[in-house]
Amino acid sequence: MLGTVENNNQGVLIFAEGPSNSIENFIKDIPQCLPEASSLHSLEVSEVKPQGFSDFSIVKSQSISDEVTEVSPDIAVCKACLDDMKSQPHRKNYAFTNCTNCGPRFTIIKGLPYDRPKTTMSVFPLCNTCHKEYSEVLDRRFHAQPVACNTCGPQYTLHYHKGIEMDINAIIKCCCQMLEQGKILAIKGLGGYHLCCDASNEEAVKRLRQRKNREGKPLAVMLKDSDAAEVYLEMDSENKKLLNSWRKPIVLLPIRKELAASISIGLSTAGAMLPYMPFHHMLFEKLQIPAVVFTSGNVSDEPIVIDNDEALEKLATIADAVLTYNRDIHNRTDDSVAMIVDDKPRLIRRSRSYAPAPVHLSISTEGIFAAGAELVNCFAIGKGNQAILSQHIGDLKNLETLDFYTESVARFQELFRFTPELIAADMHPEYLSSKFAADLGIKTTLVQHHHAHIASCMAEHHLDEQVIGISFDGTGYGDDGHIWGAEFFVCDLADYERINHFEYVPQPGGDALSKHPWRMMLAYLYHYHGSDCTSLFPAFFENTDTHEREILLTMLKQNINCPLTSSAGRLFDAVSALLGICLNTAYHAEAPMRLEAVAIDDTEATYPYSLGKSISFKECFSAMIDDIRIGIPVAEVATKFHNTIVDVVVQMACDIRENRDIHTVVMSGGSFQNRFLLEKVSAKLKEINFAAFSQEKLPSNDGGIALGQLAIAAKRRELGLI
Ligand code: ZN
Ligand code: ZN
Ligand code: FE
């Protein structure tokens with residue numbers, strides 16, 4: 001067969017010339033022979049006049065229109081490349097080996113169409129051998145843009161106490177020795193630097209935490225392969241598949257045998273991933289320890305470091321050695337985090353190897369910019385019927401992260417040739433993303449936070465109808481000015497009606513309180529029992545500060561800085577503190593996560609609650625207090641509490657179905673990252689014939705908000721509402 005293939009900004013264009021049966025077979029083969037990391041959205045075939053081709057060749061990429069092809073996410077190194085590193089003389093132990101099926105993509109792309117000069121590989125001219133491979137149709141590296149070898153490609157440099165080392169074998173040896181000795185290394189990855197140490201060495205892990213200023217947050221670990229991972233973590237076939245997939249995300253798995261105790265303090269799960277760069281494989285081949293901490297190379301909440309000079313300056317104060325390489329990271333990406341719930345992968349952080357793959361919608365999103373939320377920001381742009389979501393950006397309240405946001409928005413505009421015509425932003429007037437959106441001075445539609453959560457889930461499942469939307473999370477601005485967070489809606493993509501919500505409870509100190517779950521416990525007890533609550537239940541306040549307690553009581557009594565909240569996250573905080581599990585937190589959502597960690601699936605019992613104009617947990621609190629007082633184990637109380645929430649959700653769904661005849665339930669919001677809650681609610685709803693949807697392609701936390709904002713704006717525009 002003869003002809004040409006071309007990668008232009010509208011997709012892949014193939015001219016195929018030959019006998020009709022071989023052309024037919026060729027067309028049939030396309031969907032079946034796709035590379036692992038590719039996806040086929042549509043295949044259009046049309047007949048044209050034969051042009052008398054003399055060979056089959058790749059035509060240089062061309063920009064035809066303002067439309068863009070997809071930008072590929074980064075792909076973990078493939079098996080064939082790992083083999084080449086042992087067999088090909090010019091790639092012997094070459095740590096940047098890649099091919100058309102694997103290697104860096106988004107992280108090195110500066111512009112489209114995707115060609116080497118528009119990547120950070122542009123400074124490495126191809127040697128003759130690589131050029132031959134690059135130009136040879138039958139070669140695995142035919143038109144692989146980042147192709148490189150020992151002669152022509154990027155190289156690692158280790159900066160350590162003895163100076164500089166550039167020989168890769170010496171570097172591997174040295175890194176292994178240092179890790180085995182409990183030292184901390186900063187290692188440049190695909191999307192940014194990692195900080196690494198022996199994950200079974202408690203001293204080393206503690207030192208890393210201390211130096212990084214990361215008190216309690218769980219640390220991800222890398223293991224050699226899934227067999228090695230299985231020694232320490234429990235996993236079924238779905239988990240294994242996800243762990244081994246070309247995306248190589250961090251997968252949250254139940255701990256079977258403990259590594260260092262400080263890896264994930266107080267949780268029953270740990271985040272694990274497998275090697276995804278050639279260097280990782282080379283390291284684990286020689287390493288005498290089973291697992292290595294691979295956590296973001298940054299100082300507390302700043303974005304992950306990508307710049308070599310910055311790494312040598314900032315990370316050198318944390319790490320004992322810094323391993324750099326001389327290819328720039330253009331687009332920063334963190335490791336993605338996922339877990340399997342109900343046999344399906346769920347994303348908690350969508351970044352490396354997922355972004356910027358588009359989400360296909362059944363509505364035109366063209367020209368819409370969705371600014372995202374604030375705490376776990378990710379923004380989105382609309383092209384055609386696609387939503388292109390940015391990589392995980394982070395907490396915009398951090399100045400460096402806000403810069404990262406501004407820079408990434410500009411880069412997406414340029415890369416995807418995008419000009420915003422319509423903006424969607426959270427209605428919270430103080431969100432920095434909303435302020436950024438307002439400064440653009442373009443027509444804007446404001447979106448309620450929890451409506452955006454539900455719409456995000458609807459959009460990824462192509463739902464465009466009235467649904468029962470249940471959104472549970474920590475915080476979101478409500479249209480009555482209060483803090484919402486456990487909302488029962490009847491909604492479609494354009495609008496929502498708030499049917500019910502958890503009872504409003506004062507939140508003394510506002511958002512600052514979320515770091516101190518015991519204060520929320522106090523707020524609940526005050527709400528139900530008045531100002532005597534601390535003397536009525538002294539046992540619950542044993543480990544809290546008397547002075548702080550007095551201040552909080554005064555605030556509550558005089559209603560000073562006590563916004564009202566219906567947040568599910570705050571209720572979980574209060575219960576976590578009541579059970580003595582978590583009085584103060586070191587990281588976001590720690591209290592609910594640790595409450596979930598002690599819940600076990602051995603009782604169906606629930607606590608009483610009441611459904612009225614809002615949903616009250618007064619009886620639930622009294623019953624929990626009684627249970628705790630008579631010595632019922634914490635695990636049982638936590639389980640009964642979870643069951644109660646499951647019951648509330650199911651009961652509310654049934655009530656709404658009864659009144660409105662709606663049979664579809666859509667669940668989203670950060671609290672649905674609670675595996676216990678999501679699994680039980682989904683199962684029960686399906687049992688009673690609801691169509692129940694939860695997020696799969698996007699995180700159900702605020703990282704998924706931008707998709708919802710985009711879908712809502714698109715629908716409102718389609719209906720002529722804006
Ligand atoms: Zn490869
Ligand atoms: Zn070369
Ligand atoms: Fe939220």
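Residue numbers count from 1 along this sequence.
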Quiz item: Is there a side-chain contact between Ile688 and Lys684, using heavy atoms and a 4.5 Å cut-off?
Solution: no
Quiz item: Between Arg549 and Phe541, is there a donor-acceptor pair closer than 3.5 Å when you use the side chain of the first and the backbone of the second?
Solution: yes
Quiz prompt | Partner of Leu579 under side chain to side chain contact (heavy atoms under 4.5 Å, CB included), chosen from Asp627, Val637, Val598 | solution = Val637
Quiz prompt | Exam field: side chain Ser433 to backbone Ala373, donor-acceptor pair closer than 3.5 Å | solution = yes
Quiz item: Does a side-chain N-to-carboxylate-O contact under 4.0 Å join Asp601 and Lys680?
Solution: yes
Quiz item: Taking the six-membered ring where the residue is Trp, are the ring centres of Tyr528 and Phe617 under 6.0 Å apart?
Solution: no
Quiz item: So how far is it from Asn298 CG to His194 NE2, rounded to the nearest 0.5 Å?
Solution: 10.0 Å
Quiz item: So, do Val665 and Ile470 sit near enough that their side-chain heavy atoms are less than 4.5 Å apart?
Solution: yes
Practice problem: Would you indicate whether the side-chain heavy atoms of Phe572 and Pro517 approach each other to under 4.5 Å? | Solution: no
Quiz item: Has Glu203 got more than 12 heavy atoms of other residues, nucleotides or ligands less than 6.0 Å from its CD?
Solution: no
Practice problem: Would you confirm whether Glu596, through its side chain, and Arg675, through its main-chain N or O, come within 3.5 Å as a donor-acceptor pair? | Solution: yes
Quiz item: So does Lys435 pair up with Glu430, basic N to acidic O under 4.0 Å?
Solution: yes
Exercise. Output yes when a side-chain donor or acceptor of Asn643 lies under 3.5 Å from a complementary backbone atom of Thr603, and no otherwise.
Key: yes
Self-check item: Euclidean distance, His453 NE2 relative to Asn701 CG, rounded to 0.5 Å
Solution: 7.5 Å
Exercise. Kindly say whether Ala371 contributes a backbone atom to a donor-acceptor pair with the side chain of Asn377 at under 3.5 angstrom?
Key: yes
Practice problem: Could you tell me whether the side chain of His450 reaches within less than 4.5 Å of the side chain of Arg498, counting heavy atoms only? | Solution: no
Self-check item: Parallel, tilted or perpendicular: rings of His461 and Phe693 (30°, 60°)
Solution: tilted
Quiz item: Do Phe641 and Tyr607 have ring centres separated by under 6.0 Å?
Solution: no
Quiz item: From Met427 CE over to Asp479 CG, what is the distance, rounded to the nearest 0.5 angstrom?
Solution: 5.5 Å
Practice problem: Taking only Lys NZ, Arg NE, NH1 and NH2, and the carboxylate oxygens of Asp or Glu, determine whether Asp626 and Arg629 approach each other closer than 4.0 Å. | Solution: no
Exercise. Applying salt bridge (Lys or Arg N to Asp or Glu O under 4.0 Å), name anything that partners Lys557, two or more places apart in sequence or on another chain.
Key: none
Quiz item: Within the side chain of Glu202, is there an N or O that forms a donor-acceptor pair under 3.5 Å with the backbone of Ala261?
Solution: yes
Exercise. Determine whether Ser700 and Arg346 make a side-chain contact, defined as any pair of heavy atoms from C-beta on separated by less than 4.5 Å.
Key: no
Quiz prompt | Side-chain donor/acceptor of Arg209 to backbone N/O of Ser262, under 3.5 Å | solution = yes
Self-check item: Main-chain N/O of Gly612 paired to Asn500 side chain as donor or acceptor, under 3.5 Å
Solution: yes
Exercise. Return the orientation label for the Phe488 and Phe502 ring planes: parallel under 30°, perpendicular over 60°, tilted otherwise.
Key: tilted
Self-check item: Test applied, ring-ring contact (aromatic ring centres under 6.0 Å, His included); reference residue, His529; option that passes from Tyr524, Phe537, Phe540
Solution: Phe537
Self-check item: Output field: ring centroids Tyr504/His482 closer than 6.0 Å
Solution: yes
Practice problem: Decide yes or no for Leu242 and Pro249: does some side-chain heavy atom of the first lie under 4.5 Å from some side-chain heavy atom of the second? | Solution: yes
Quiz prompt | Minimum side-chain heavy-atom gap Gln507-Met520 below 4.5 Å | solution = yes
Quiz item: What is the distance from atom CD1 of Ile304 to atom OG1 of Thr295, rounded to the nearest 0.5 Å?
Solution: 8.0 Å
Quiz item: Taking the six-membered ring for Trp, are the ring centroids of His392 and Phe404 within less than 6.0 Å of each other?
Solution: no
Self-check item: Crowding at NE2, His428 (>12 non-hydrogen neighbours, <6.0 Å)
Solution: yes
Quiz item: How long is the gap from CG on Asp395 to CG on Leu402, to the nearest 0.5 Å?
Solution: 10.0 Å
Self-check item: Gap separating the CG atom of Leu583 from the CG atom of Asn543, nearest 0.5 angstrom
Solution: 6.0 Å
Practice problem: Assess the side chains of Ser616 and Glu503: does a donor N or O sit below 3.5 Å from an acceptor N or O? | Solution: yes
Self-check item: Side-chain touch Ile499/Arg660, heavy atoms, less than 4.5 angstrom
Solution: yes
